[in-house]
Amino acid sequence: MSGPYVIRGSVSLPEAELMWRFSRSSGPGGQHVNTSDSQVELRFDLAKTEALPPVWKERALAKLAGRLVDGVISVKASEHRSQWRNRETAAVRLASLLAEASAPPPKPRRATRIPRGINERRLREKKQRSDTKRGRSGRDWG
């Protein structure tokens, strides 16, 4: 591994809590792919971890509920021929997934009224455009 994978701020994925599994990958690689375990499955027990602040953990558990199996999130990577590069890809993918899931919700939109002048100008321009188009036809709309 090339160092800690930062989720956000000073919080990073703890190496001790990552569970790696390797298997044979399909895809590019020729005969080499038949003999090496280059596909990587990275699992992280989100329900039991102490690495995340409690608020982040609750948010992530709620947002990732559909992807969790007994509180464990799993990420696979098999894009590269090298197991090392697949490990890097899986770890980065897991970190970004946790960062997105634990992010605070966006501020709610504050409803504002459209000023009366703007609305009147829009309707006036719309009427002018309508008259222009109506004037193009040969009919007398009168």
| said: Can a side-chain donor-acceptor contact be found between Asn119 and Arg122 if the only test is distance below 3.5 angstrom? | reply: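 Yes, a side-chain donor-acceptor pair sits under 3.5 Å.
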| query | Do His80 and Ser38 have side-chain atoms, one donor and one acceptor, less than 3.5 Å apart? | reply |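 Short answer, no.
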| task | Starting at CD1 of Ile7, measure out to CG of Leu13 and round the result to the nearest 0.5 Å. | result |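 CG of Leu13 is found 4.5 Å from CD1 of Ile7.
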| request: Show your reasoning for whether side-chain hydrogen bond (donor to acceptor under 3.5 Å, both in side chains) applies to Glu41 and Ser23. | output: CA-CA 8 Å; Glu41 182 183 1; Ser23 58; over 6 Å; no
| task | Give a yes or no on whether a salt bridge exists between Arg8 and Glu100, defined as a side-chain N under 4.0 angstrom from a carboxylate O. | result |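 No, Arg8 and Glu100 are not salt-bridged.
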| Trp20 six-ring centre to Arg87 NZ/CZ under 6.0 Å and within 45° of normal |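 Yes, Arg87 sits over the ring of Trp20.
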Crowding at [atom1], [X] (>12 non-hydrogen neighbours, <6.0 Å):
| X | atom1 | result |
| --- | --- | --- |
| Asp131 | CG | yes |
| Lys63 | NZ | yes |
| Arg59 | CZ | yes |
| Arg136 | CZ | yes |

| task | Looking only at non-hydrogen atoms, find the nearest pair between Arg67 and Ser74 and report the distance. | result |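 Closest approach of Arg67 to Ser74: NH2-O, 3.3 Å.
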| Backbone of Val40 reached by a side-chain donor or acceptor of Asn86 within 3.5 Å |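 A pair under 3.5 Å: no.
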| Counting only N and O atoms by type, is there a donor-acceptor contact under 3.5 Å from the side chain of Ser102 to the main-chain atoms of Leu98? |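 Yes; judged by distance alone, with no hydrogens or angles, the pair exists.
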| query | Under the salt bridge (charged side-chain N to carboxylate O under 4.0 Å, His left out) test, which residues partner Lys133, sequence neighbours left out? | reply |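 Testing Lys133 for salt bridge (charged side-chain N to carboxylate O under 4.0 Å, His left out), a comparison that skips the adjacent residues, returns none.
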| field | Hydrophobic cluster partners of Ile114 (side-chain heavy atoms under 4.5 Å) | value |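 Cluster partners of Ile114: Ile118.
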Output a table of donor-acceptor pairs, distance under 3.5 Å, between side-chain atoms of residues 47-54 and any protein atom two or more places apart or on a different chain; print 'none' if there are none.
| unit_1 | atom_1 | unit_2 | atom_2 | d |
| --- | --- | --- | --- | --- |
| Thr49 | OG1 | Glu17 | OE1 | 2.5 |
| Thr49 | OG1 | Ala51 | N | 3.1 |

| request: Could you please spell out the steps behind the side chain to side chain contact (heavy atoms under 4.5 Å, CB included) verdict for Phe22 and Gln83? | output: CA-CA 8 Å; Phe22 308 101; Gln83 184 190 98; 3.5 Å; yes
| request: Check the pair Arg129, Glu125 against salt bridge (charged side-chain N to carboxylate O under 4.0 Å, His left out), reporting the backbone distance first and the verdict last. | output: CA-CA 6 Å; Arg129 186 79 177 140; Glu125 289 172 358; over 6 Å; no
